[in-house]
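These numbers come from the heavy atoms of this one structure, side chains and all, not from hydrogens, waters or symmetry mates.
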Amino acid sequence: MKMTTLERLTPVTAPTPAWRSPWVIGWVALVVLVLGVNLTMVYLAIVTNPGLVNEDFYDRGQHYERTMASKLANDPGWTMRLDLPESIRVNEPSRIRVLLTDKAGEPVSPDRVSFFAYRPSDKGQDFSAVMEEEAPGRYGLQLSFPLVGFWDGLVAVTQGGEEFTLGERISVAGP
């Protein structure tokens with residue numbers, strides 16, 4: 001069998017494997033990227049889950065507007081400031097203070113001041129303690145956090161049957 005000139009000039013090459021095609025590489029990279037983003041979102045959802053669910057969330061939501069209006073009407077106009085140490089470490093005692101002043105800047109002496117620590121990821125680790133008066137308008141508490149991570153701190157000030165709160169996210173570092 002005789003070859004034509006065109007057949008002699010055209011080199012015979014093997015087909016390119018699919019993994020070397022830029023289209024296949026692009027599609028595989030896109031799938032890997034989407035899976036990576038989804039896994040990152042799942043991880044962040046698990047790690048940052050607050051875990052705090054009120055049993056009566058529906059009832060509380062029904063009366064939210066009335067509750068907020070009541071709080072605003074009964075607001076004494078106090079300034080509450082939480083004083084946290086710069087660095088809080090796990091299982092090391094830390095001094096937490098709250099400063100209370102009225103509209104005129106004078107110290108407030110309420111009936112009771114309590115501190116509540118909520119562990120967003122584990123309800124079983126929550127604890128609370130009564131804060132002691134250090135000076136007029138200044139209350140403190142020495143405590144240590146048992147776990148590393150984020151905690152929600154809440155100071156509850158009770159005066160004449162009314163409760164006023166101040167909350168803050170607390171970061172507890174490792175040893």
Quick check: closest heavy atoms across A173 and V148, and the distance to 0.1 Å? O-CG2, 4.0 Å

Side-chain touch L166/E168, heavy atoms, less than 4.5 angstrom: no

Atom CG of L99 and atom CZ of R138: how far apart are they, to the nearest 0.5 Å? 7.5 Å

For R95, side chain to side chain donor-acceptor pair (under 3.5 Å) partners two or more places apart: E134

So, using side-chain contact (heavy atoms from CB on, under 4.5 Å) as the criterion, who are the partners of D111 when residues are at least two apart? Q159

Value for OG1 (T101) from CZ (R81), rounded to nearest 0.5 Å, stands at 9.0 Å

Side-chain heavy-atom pair V98, V157 within 4.5 angstrom cut-off: no

If only atom types and distance count, is the side chain of R119 paired as donor or acceptor with the main-chain N or O of D126 below 3.5 Å? no

Using the test side-chain contact (heavy atoms from CB on, under 4.5 Å), find all partners of A104 that sit at least two apart in sequence or belong to another chain. D102, E106

Residues I96 and P85: closest non-hydrogen pair is CG1-CD, 4.4 Å

Rounded distance [0.5 Å steps], CG in L147 versus CG in N91: 8.0 Å

Taking all heavy atoms of S94 and all of I88, pick out the closest pair and write down the distance. OG-CG2, 3.7 Å

Could you report the tightest heavy-atom contact between T158 and P110, atom names first, then the distance? O-CB, 3.5 Å

E133, CD: over 12 other non-hydrogen atoms inside 6.0 angstrom: yes

Contact summary for F164 and M80, nearest pair of heavy atoms: O-CE, 4.0 Å

With ILVMFWY side chains joined below 4.5 Å, transitively, what does V31's cluster contain besides itself? L35

Can you run down the ring pair (Phe, Tyr, Trp, His ring centres under 6.0 Å) pairs that involve residues 137-158, sequence neighbours left out, and say none if there aren't any? F127-F145, F127-W151, F145-W151

Applying side-chain contact (heavy atoms from CB on, under 4.5 Å), can you list everything that pairs with V130, at least two apart in sequence or on another chain? R112, S114

Test side-chain contact (heavy atoms from CB on, under 4.5 Å) on R169 and D152; report intermediate values, then the result. CA-CA 5 Å; R169 176 64 55 106; D152 290 327; 2.6 Å; yes

Hydrophobic clustering (ILVMFWY, side-chain heavy atoms < 4.5 Å, transitive) - are L84 and V172 grouped together? yes

